[in-house]
Structures are given as C-alpha cells and as structure tokens.
There are 2 protein chains.
Amino acid sequence: MAVTLKDIAKKVGVHPSTVSRVLSGKYDNFNVSEKTRKLIFETVKKFNYSPNEMARNLRLQKTQTIGLIIPDILNPFYAGMARSLGIECEKKDYSFIICNTDEIQEKEINFIQMLKRRRIEGLVITPVQDSKDHFEELIEENFPFVLASRYFDDFETNAVVTDDYNDVFKAVEYLIKLGHSRIGFIRGRKASSAIQDREKGYKGALAKYNMQIDQDLIVGNGCTIEGGYKATKEILNLPEKPTALLVSANVIVVGALEAIFEAGLSVPDDVSVVGFTNMKSTPYLSYPLTSISQPIGQLGKRAFDLLFQHIQSPDEHKYKKIILPSKFSIGKSTQKALGS
Amino acid sequence: MAVTLKDIAKKVGVHPSTVSRVLSGKYDNFNVSEKTRKLIFETVKKFNYSPNEMARNLRLQKTQTIGLIIPDILNPFYAGMARSLGIECEKKDYSFIICNTDEIQEKEINFIQMLKRRRIEGLVITPVQDSKDHFEELIEENFPFVLASRYFDDFETNAVVTDDYNDVFKAVEYLIKLGHSRIGFIRGRKASSAIQDREKGYKGALAKYNMQIDQDLIVGNGCTIEGGYKATKEILNLPEKPTALLVSANVIVVGALEAIFEAGLSVPDDVSVVGFTNMKSTPYLSYPLTSISQPIGQLGKRAFDLLFQHIQSPDEHKYKKIILPSKFSIGKSTQKALGS
DNA sequence: TGTTGTCAATAAATCGATTTAGGAAAAGGT
DNA sequence: ACCTTTTCCTAAATCGATTTATTGACAACA
C-alpha cells in the first residue's frame, strides 16, 4: 500500500541501502554523489514517502515510546503531569501511551505487561501501591522507570515526589497559629505513600504544639469526590466538630466543600479549609482557596529527565529520588478560630 | 537481551514456526502433538517470554494503536474524551497516543505526520481548523479518522459532535424567558465550528424573540481562562452592561467568573451566568452553575466506534456525522432579570 | 507392494527498514 | 603502466515475529 524505501530505490535506480544511507543523513556529502542524493530526495518528496517506523523500530530496537501509568487522567493533577511529560517527550522525539489504573492493582500489572510487549523504552508511573513485587522485577531487569508522586520505602528506585510531609506540616502549623485546635484531616487513599506522608505531616505538626491526636478527626480513604464528601460528612457529624479541615488531595476538596455547604456551614466562618490545588483548573470558588499547590509541571518534567537518563545510559545510571517543595498560598478559605 | 521466540524454539528443540503456531492458538489441538505444546508453554512460562510486538506489528501490518490529537489534555473536556477513548481502546486491545496541539495548526500537521510514520491505524482529532488541506489528503488516502467535537462543512468525514446550535439556542431562550434582554456571548475560539454553531444558536434565539443582535455583546476569541477573563471584563465595561452571560466553553467560565467577581458584581444578583460544564471536575462554586453539560463520555465512545468501524472495513465504510444532545441543567447562577 | 492419508514439524519467504563489509570504477601518484 | 586511494554504490545479514508450502514418518488400505 504505502510506498516503501524499496520502491523509492527502484524508481531512482539504486539499491535500497543507498536510499537508506542518504535519508539517514549520517554519511552527509560522503559516499553518495550529489546527483544521486538530489534524485533520491526528489523522489521521496514526489511519492510522499514516509519511513515505516515499525520496521525501523524492529531493526534499531527502539520505539521512541514511553508509558505513563496513572490513576486517572481526569484528575487534573495527573492531566498536568501528562501535559508536561508530553512537552518533554516532544522535545526528544518520544511519544507516550497513557493508561488509567483507577487505582486497581491488577490493571497496573496488566498495563505494565502490555507496555513491555510493545517494547516501550521506559515508564513513568504513579503506582497503586497495593502490591509491589512487580517493581522489584522491573528493577532486577534494570527496566527504566520512574515513580511519580508516590514511592516505595522498601527499595531504591527513581522517583519524583512532592515534599508531602513538610507541605502539610506547614499548612497545619498555619492553622494552629490561627488558633484552631480541632483540625480535621480528610484523608485520600491510605495506601498512597503521598497520603501517608501527609498524614504524618499532620500528626507531626500537632505533636510539635503538644496537641492531642484524635483519631476521630482523621477520616476517609480514596481520592474521589464521593470519598471526600462522605468523609467530610462524617467528620461534621462529630459531637465536637472540627473548626478547620486539611483536605489531603485535590479532587477530594470538591466533595469536602459539597458536604460543608450541604450541612449549611460556610467557609471560612464556620470551618476553615486548606486544600490541595494545582493550577487554575481545580475547584474554583467565589474566593480563592487556601492551598498547597504542587509543582505538577516540574513533576512531569523531572520524571522524564530521570527516565531519559536511565534509558540513555542503562548501565551507569543511578537511582535518584527528587523531592519538590510545594507552594503554600493563603486564600480566603481560612481565618482565625473563633474566640482566639 | 530479551528472550525471543527463537530462543524458546531452541530450548524446546523445535523450529520457531512451531512455537509461533502453538502460541498463536490458531491451530488448536491440530498439527502439533500434545507433548510439544505442553513443553512449549512450560518453556514460555519458565523464561517469561513475551512476544515482541514490534516484530509482530511489522509482519502483520498492525500496530493496535490509534492517535488522539486534542488542543489540551488539561482541559477536562478533552481529558474526559481521552478517558472514555481509553476505556474503549482497552476493550479492543488498542493503545492510544495523545498529542496536544495548543490550537497551533502547525503542530497538528506535524503530529499527523509523526503518527502516520508510526503507522497508527486511525486518528481521533479535534482539529485546530485554521486550515484543512491535510484532511482532504487523509480522505483521499482513505486514512481512518474521526473528528471530535468539531467538524468541517466543506467535506464529508466521520465526526462526533454535540448539538451546539440547539444546546445554546435553548439556553439563551431560557435566559430570555427569565426576562433578560441584554445577554452577552463570551465567545471561545472563533475558528472552531463548535463555537461558531454556538454563536449561531445564540443569534438564532435572539432572532426568534425579535431581539436586536448587538455586536458589542459578542466578545472574545480563544478557549482560555485569560481569554474569558479579558472578554468578560470588556463586556462588563460597556456603558449598558449585560444582565446575563452565555459563556461558550468550559474553561472560559473560570476566567469569566474571575472578571465578574473582580468587578465587584455577584452571580446571579447582578449578572446571570450560563456556562458549559462537564462532570464534576469543572469549576466548582458554592452554588451549582446553570449549565450546558455535554456528553463527553459518549463523545469519546462514539468516536472510537466510528473509527474502529473504518479500520475494520476500510473499503465499505460510510462517513457518519453523529450529533449528541447536551443536558441543560438549571443551577443557581441564573435568575429573573430585575424589573421583570 | 505400492498407494493414499494423516500427523507432526520444518523451511523459507516476508514485513521494511539499517548497517557492515566489500567491490567496481574513476582519479591520483610515481 | 601499475599501484593506491577515493568515490560511489551494492550485497546480504539482521531485527523477531508469522505463514504458506512442503517434507518425512508412519499407519492404513487395497
């Protein structure tokens, strides 16, 4: 169907290898006469020849393709990562294949298998973290991959994460300084290392100020709107309501606010809220949210950089864990606690 | 490096073709002894053999891959499309490669070239619509593609779009019936057929009620937050302010609201707003937005269906244009015009 | 005994490029 | 006139699968 290198060779009257060498450009002005080169280029143009990458890939053992496995592209956090990864890919002439796990471990494992069959050269992944054996396998094979936004304690890998412990620590400290003493923690997916670190940061801040950790104030599991809604509803039904909430992930914020408004409470008068944001596409309020905004673009970029490095020099690469700080921005969803 | 079919064949002591035939499963229980089959399967498992798709692709002239070219994955509208396309792809064992054009025509053209080199089997695309020659080329070649959310008047293609004219018509009619007589239209990208149809719907509704079309009330170009912000600011500076706004795309809503709040106006008391939404990840207000919500999931699904059909039967396929209705949902961002 | 048929497996071409080694012809040197 | 060098190009292997045609062995049948 499509015109091949062989076809071009025949038209020009030379051997396919000659055409290949001319087009590769590696032997520039060398070993091929100017006349032949011209003729080849003309013919290529005339027949609109475009090389078959499948064939090149096979021969060169390269696909110029990486995989991106994330929980859900609908989550603007991951969309942002995908975006910036895409930009980096483009620069290096790579493409990427996106797979959504929906936080289902089995899907993740299958996707990895599938992508390996497709001979992707590397993988950026936000792991489900319900199991991890498959990563040890990847490490054994020295298969290039980078964990994004989550990491494993147990073994060394490439990883790019945010400074979750400190990010939340500071935010909670801020709430404490506003005089809040009952601060709720709306939790995301328990299994996620990021969420775990945020919970630790929350506890760490409370501990610093000698405040009791009340397990009733730590609720929720899962990074969904519904999860945030239910958890917040639960926490607002406590006999002793919290006066402030730390919402530990971006999507959850939407559910949390829903629950707050539904309970007839207002922000920040009845309850102060600190959330996670990323860029402007996240929940928009008639007032800006006090929030921890993560450097998503950087996350994608740095992940690609690490991955690319591993791909380029598979033998002499070193695993790196990059920790990126977030920005804490004070909006209008927080205020001093009543009576303080 | 990786273990190949040949390696397996050697281990088992048979010819590669035998291994291939066993693994393909096409010659089930036939022409290969039970003993050999078992041995092959065992060896495959033992050495963790996974077929090289590059090689298969080349031989079979299939990549099981399609392309998705969209303006921006960060826009939840396109993220939603990508999501549902992904789900459909998975069912049919396809993968997809996402490319963001940022509404830059040149990028679109380059991406198409690149994807064709990679021998993707088909393309779902939301075209930039600054030019269109390259699509006529695709049609000539009978290359499978589906336009999503935008279409071309000039020639027949596969396309899945929303019912933009009627969707906006009804929304504007609703505003008129609330007594609004100065209704602003915050426009998205002029070049987009979807936006054009929405503008027509706006004008059509006004015409139906014998209302003058005031060009000052039609502002903006470009589907960005900034665009929406500037356009809205402009319209709010008119000597005779509009009492209602029809915001013609989802991202723009954020900018429009920003401008409204900045001007010290409130919604819906000072100005009623109808926007475009899709699912819950769009701008969240302390009140729900009156909005036209588009069936994004359907859009992705139907686009894949059309594309798959074309891929499966390239010769007997027929171009189809599918028009999907949106849902108009009345929230709290609209109310009766003052004095009516 | 010779023919036919079945079963199990192989040989070799193929997909479309790249690349190493080499070869023929022209140019250059003495 | 002969050897060397350079220039220009070709041959053929290769990447890792799939598939069509074919072969060899053995049993069945007349």
Side-chain angles (χ1 to χ4, degrees), chain A residues 1-41 43-44 47-65 93 114 116-121, chain B residues 1-41 43-44 47-65 93 114 116-121:
Chain A
M1 191 100 300
V3 47
T4 72
L5 183 135
K6 231 174 169 175
D7 298 332
I8 299 293
K10 206 177 282 176
K11 295 281 175 196
V12 176
V14 296
H15 196 268
S17 59
T18 307
V19 178
S20 171
R21 288 178 18 192
V22 167
L23 293 184
S24 78
K26 282 182 195 160
Y27 308 83
D28 227 27
N29 299 324
F30 205 61
N31 277 342
V32 180
S33 70
E34 193 51 36
K35 209 170 66 182
T36 309
R37 300 183 67 234
K38 245 189 183 161
L39 193 54
I40 287 175
F41 279 122
T43 314
V44 162
F47 290 91
N48 203 16
Y49 165 74
S50 98
N52 186 322
E53 295 285 344
M54 286 194 274
R56 294 194 77 229
N57 289 346
L58 177 59
R59 179 61 228 251
L60 300 177
Q61 301 287 69
K62 285 199 111 271
T63 51
Q64 296 289 121
T65 305
D93 216 19
M114 184 270 283
K116 281 176 75 178
R117 275 201 305 277
R118 285 177 180 269
R119 296 301 189 265
I120 54 156
E121 295 178 25
Chain B
M1 192 98 299
V3 48
T4 71
L5 181 135
K6 229 173 170 174
D7 297 332
I8 299 293
K10 207 176 281 177
K11 295 281 173 197
V12 177
V14 296
H15 197 268
S17 57
T18 306
V19 179
S20 171
R21 288 180 16 193
V22 167
L23 294 184
S24 78
K26 282 183 195 160
Y27 308 82
D28 229 26
N29 298 323
F30 204 61
N31 277 341
V32 180
S33 71
E34 194 50 36
K35 208 169 67 180
T36 310
R37 300 183 68 232
K38 245 190 183 160
L39 193 54
I40 287 176
F41 280 121
T43 314
V44 161
F47 290 92
N48 202 18
Y49 165 73
S50 96
N52 186 323
E53 294 285 345
M54 286 195 275
R56 295 194 76 230
N57 287 346
L58 177 58
R59 178 61 227 250
L60 300 178
Q61 302 287 70
K62 285 200 111 272
T63 51
Q64 296 289 119
T65 305
D93 217 18
M114 182 270 282
K116 281 176 75 177
R117 274 202 304 277
R118 286 178 181 267
R119 296 298 188 267
I120 55 155
E121 296 178 24

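A note on names: the letters A, B, ... follow the listed sequences, proteins ahead of strands, and every chain is numbered from 1. Remember, predicted model here, so these are calculated numbers, not experimental data.
B:Ser17 has no side-chain polar atom (N or O) that falls below the 4.0 Å cut-off from OP1 or OP2 of C:dA9. Applying the 4.0 Å criterion to OP1 and OP2 of C:dA9, one finds that B:Ser33 has a side-chain N or O inside that range. At the phosphate of D:dC8, neither OP1 nor OP2 sits under 4.0 Å from any side-chain N or O atom of A:Lys35. Within the 4.0 Å cut-off from OP1 or OP2 of C:dA11, at least one side-chain nitrogen or oxygen of B:His15 is found. Applying the 4.0 Å criterion to OP1 and OP2 of C:dT18, one finds that A:Gln61 has every side-chain N and O outside that range. Considering only side-chain N and O atoms, B:Thr18 lies nowhere under 4.0 angstrom from the phosphate OP1 or OP2 of C:dA8.
Put simply, CD1 on A:Ile40 is 13 Å from P on C:dA17, counting in whole angstrom units. The distance from atom CD of A:Glu53 to atom P of C:dA17 is 10 Å, rounded to the nearest whole Å. Atom pair A:Asn31:CG and D:dT10:C1' shows a separation of 12 Å (rounding to whole Å applied).
Of the candidates C:dA11, C:dA9, D:dG16, D:dG16 carries the atom nearest the B:Ala55 side chain, counting heavy atoms from C-beta on. Nearest nucleotide to the side chain of B:Leu58, out of C:dT19, C:dA17, C:dC15: C:dC15. Distances were taken from every side-chain heavy atom of B:Asn52 (C-beta onward) to each of D:dG16, C:dA17, C:dA9; the shortest belongs to D:dG16. Each of C:dA17, D:dG16, D:dC8 was ranked by its minimum atom distance to the side chain of B:Thr4; first place goes to D:dG16.
A donor-acceptor contact under 3.5 Å is formed by the side chain of B:Arg59 with the base of C:dT14. Looking at A:Arg21, its side chain has no donor and acceptor atom pair within 3.5 Å of the base of C:dT20.
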| note | Encoded 5' to 3' (Watson-Crick or G-U under 3.5 Å; [ ] crossing; | other strand), DNA chain C becomes ||||||||||||||||||||||||||||||

